[in-house]
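The structure appears below as C-alpha cells.
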Amino acid sequence: MVLDERPPTGSAAWTGGWPGTIGEFERLVDAFQDPLVRFAFRRLGNRADAEDVAQEIFVRAYADRRKRQTVANVSAYLYRMTANLCVDFLRKRERRKSFSLDEAHVLDIPSRDPDSARLAAAAEEVRRIERLLSCIPPTQAEAVRLCLFDDLTTREAAEILNCPEATVKSRVRYGLEKLRELARENKEDIR
Amino acid sequence: MNCQAFQDQCLEGALSGAGVEGNSDLAAHRRSCPACAAYLAEMTRTAETIRPSHEIHASPYFKEKIMRTIVEMEQPARAALGARRTYFWKPAFAAALLLIVAGAAGLSIFMKNGSQAYALEQTIEANRHLRFIHMRFEPVGFGQASDMRAQFDDQGNMLQLRIDFPDTEDGPKITLWQEGKAEVWLQKKNMAVVVREPDVLQKIKMSVDDFDPRRVVENLYKAQAEGKVSIEIRGAKDQLINLIVTAKDHPALREVYQVDKRTNFVIQADRTKEKDGKEELMGRVVYLDYNDPNGPETLALAIPADAVRFDQVTHQTGLPKGDLIDQEIAAKVAREFFEALIAGDYDKAGQLLEGASPDFLRNMIEGKMKFVRIVSIGEPHPHAIPETHGWQTPCQIEMEAGGQTFTKSFELGVRPVYNQPDRWDVFGGF
C-alpha cells in the first residue's frame with residue numbers, strides 16, 4: 001500500500017470550489033487526505049495525531065460548507081486550517097506535560113505492522129529536522145516547511161501564509177542560509 | 001547577471017534539487033562564477049538535509065472514519081427535516097471495510113497447500129502445551145527491541161503478559177497485565193501505576209493474534225483451505241525448517257517462519273517486502289524460550305520501595321458519581337480534593353488524585369506550602385483538551401508559601417477514573 005502508484009492529490013487534483021454535497025466532499029477527502037496527513041505528521045511526528053488533526057479539518061470543512069462557499073482557494077484554506085490546528089495541538093501537548101496517568105500508555109503494544117517501523121523512523125526524522133528548524137525564526141521555519149516538506153511552490157506557500165510570494169522566497173532563503181551557517185559553525189554534517 | 005541576482009533567483013532550483021540548468025541566464029552565471037556555484041551547491045545540500053525522506057500516507061481506514069462521521073452528521077439533519085430517504089455511503093464504505101478486514105488480518109494468514117501442512121500440524125500440537133513464552137520484537141532501522149513474556153493456562157488463555165519497552169519518551173517502561181489489572185513501571189520517573197484493566201485481552205486481541213505463536217500458527221492452518229497464500233517449505237531435511245508464506249494479493253510481502261525441527265516450535269518470524277528485486281526485512285519476532293520452568297517468575301515487576309505509586313486497584317479511587325450530572329461531580333471532586341489538602345488528609349487527597357500515594361503528596365506539600373481555605377469553586381467547563389473527556393473546575397484557594405499569604409487560581413481537571421466510569425477523580429496535576 002505504501003508503494004502504490006497513486007493519482008495526483010492536493011492542489012494538483014482540486015481545481016473546484018468548496019464542496020457542497022457528500023459526493024463532492026468524498027472527492028475532496030480523496031484529494032487531500034494524504035497531503036494533509038503528511039502535512040500534519042511532519043509537524044506533529046505521529047500519524048495518529050496527524051490523522052486526528054486531518055479528520056478534524058475534514059469534519060469542520062463539511063460542517064461549515066455553507067459558510068465556505070466563497071473561499072477561492074480551497075487548497076490554501078485547508079492547509080492553513082491544518083497548520084493552525086497543528087499549532088493548537090502542540091500547545092495542548094505541551095500543557096499536558098504535567099503528570100497524568102495518560103503518560104502511562106497502558107495499552108501500548110509493539111506492532112508488527114510493516115508500517116510501524118517506517119513510521120517510527122519517519123517520526124525520528126521529524127524530530128531531528130524540527131531540532132534544526134528551531135534554530136531559525138519561526139516565520140522562516142514555516143516557509144521552509146511548506147516549500148520543502150510539502151512540495152508546494154513558493155506561490156502556493158504564499159497563499160497559505162497569506163503574504164507576498166517574495167516574502168516566502170526571502171524567508172526560505174534566509175532560513176536555509178542560517179542553517180548552512182550553523183552547519184559550518186558546527187563543522188559537521190547537520191544530519 | 002550579477003551574483004546578487006543569481007542568489008535571489010536560484011532558490012527554486014536549490015529547493016527542487018533540479019539546479020539552474022533550465023534557466024540559461026542562471027546556468028551561464030553558475031558556470032562563470034565559482035562562488036555562486038558553491039552557494040547553489042551548499043543551499044541545495046542544506047535543503048536536502050532537512051527534506052523529509054519518508055513518504056507518509058493516511059492509513060487505509062482514514063477516509064472511512066471521516067465519511068462515517070459525515071454521514072452521522074447528516075442523518076439527524078435529515079431526520080429533523082422528515083426526509084424519508086437515508087443517505088447511505090455504500091461503495092466507499094464497503095471498500096473501506098474490506099481494507100479494515102485486510103489490515104486486521106495482516107499478512108500472517110492464509111496458506112493453501114494441504115500437502116505442506118505437516119510442519120504446521122506438528123507445531124500446532126507442540127503449541128498445545130504452551131504455558132510460557134519469551135519473545136523479542138526487533139524493529140528494523142529504528143528503535144530498540146521490546147521484550148515480551150506471557151503465561152498461558154492449559155486452554156491457551158493468556159494469564160499474564162509483560163512487555164519491556166527499553167526506549168519510550170518517558171524512558172524505559174515495563175507493563176504487566178494480570179488478573180484484571182495493568183501495572184506500569186516508569187523507571188526513569190521512578191513511578192508505578194496500577195489501573196483496572198478487566199478486558200485487556202479483548203483490547204489487545206489484534207496484537208495477541210499477531211504474536212502469540214499458538215494463534216499465529218492456528219490462523220495459518222485455519223486459513224489453509226481458503227487458498228489465499230502460497231507456502232514454500234525449505235530445509236525440511238535440516239534442523240531448521242523455513243516456511244515461506246506469500247499472500248496472493250500482496251506478492252511483494254512475505255512472512256518467513258523458522259521452525260526448530262526438534263521441538264516443532266517457531267523460533268523466528270520475519271516479515272519481508274520485495275523492493276527493487278531485493279528482499280527487505282520489515283520486522284522480526286524472535287521466540288527466545290518456550291515453557292521455561294522459571295519463566296513465570298520473570299514476569300513479576302521489581303518496583304523499588306521509594307517509587308511514587310498511583311494505585312487505582314488496591315484502594316478505591318475518586319468519588320462515586322451517583323445521580324450527579326458531570327458538572328456537579330466535577331465541582332464536588334474539586335471541592336473535596338482541596339478540603340483534604342487543607343485538612344492535611346493526604347490519604348483522601350491521594351485517593352482523589354488518580355490514586356497517588358499519600359507520601360507523594362506529603363513530600364510535595366509539607367514544609368513548602370499550605371492550603372488555607374477555599375475562596376471559591378466555580379462552574380466546571382469542558383476540558384480544554386477534548387481527548388481527556390474531562391472537565392475543568394476553576395478554583396480559588398488561599399495559600400501560604402515563603403511567608404506570604406495569597407490567593408491562587410487553579411483549573412483543576414476532573415474526569416471519570418480509568419476504566420471506572422462511575423467514579424470521578426482529579427487528573428493532570430494541579
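All chains are named by letter (A, B, ...) in the order of the sequence lines, taking the proteins before the strands, and each is independently numbered beginning at 1. These numbers were taken from a predicted model, which means no experiment stands behind them.
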Kindly compute the distance separating [atom1] ([X]) from [atom2] ([Y]), expressed to the nearest 0.5 Å.
{"X": "B/Leu11", "Y": "A/Arg173", "atom1": "CG", "atom2": "CZ", "answer": "8.5 Å"}
{"X": "B/Lys63", "Y": "A/Asp34", "atom1": "NZ", "atom2": "CG", "answer": "11.5 Å"}
{"X": "A/Lys169", "Y": "B/Glu12", "atom1": "NZ", "atom2": "CD", "answer": "5.5 Å"}
{"X": "A/Arg38", "Y": "B/Glu55", "atom1": "CZ", "atom2": "CD", "answer": "4.5 Å"}
{"X": "B/Ile56", "Y": "A/Glu51", "atom1": "CD1", "atom2": "CD", "answer": "10.0 Å"}

What part of [X] is in contact with chain B, defined as an atom under 4.5 angstrom from a non-hydrogen atom: side chain, backbone, both or neither?
{"X": "A/Leu36", "value": "neither"}
{"X": "A/Glu130", "value": "neither"}
{"X": "A/Val126", "value": "neither"}
{"X": "A/Phe149", "value": "both"}
{"X": "A/Arg42", "value": "side chain"}
{"X": "A/Ala50", "value": "neither"}

*asked:* For a 4.5 angstrom cut-off between non-hydrogen side-chain atoms, does B/Ile66 reach A/Tyr62?
replied: no

*Donor-acceptor under 3.5 Å (A/Arg47 side chain, B/His57 main chain)*: yes

*asked:* Which atoms of B/Glu183 are under 4.5 Å from chain A, going by heavy atoms: the side chain, the backbone, both sets, or neither?
replied: neither

*Highest number of heavy-atom pairs under 4.5 Å with chain A: which of B/Gly413, B/Ser53, B/Ala14?*
B/Ser53

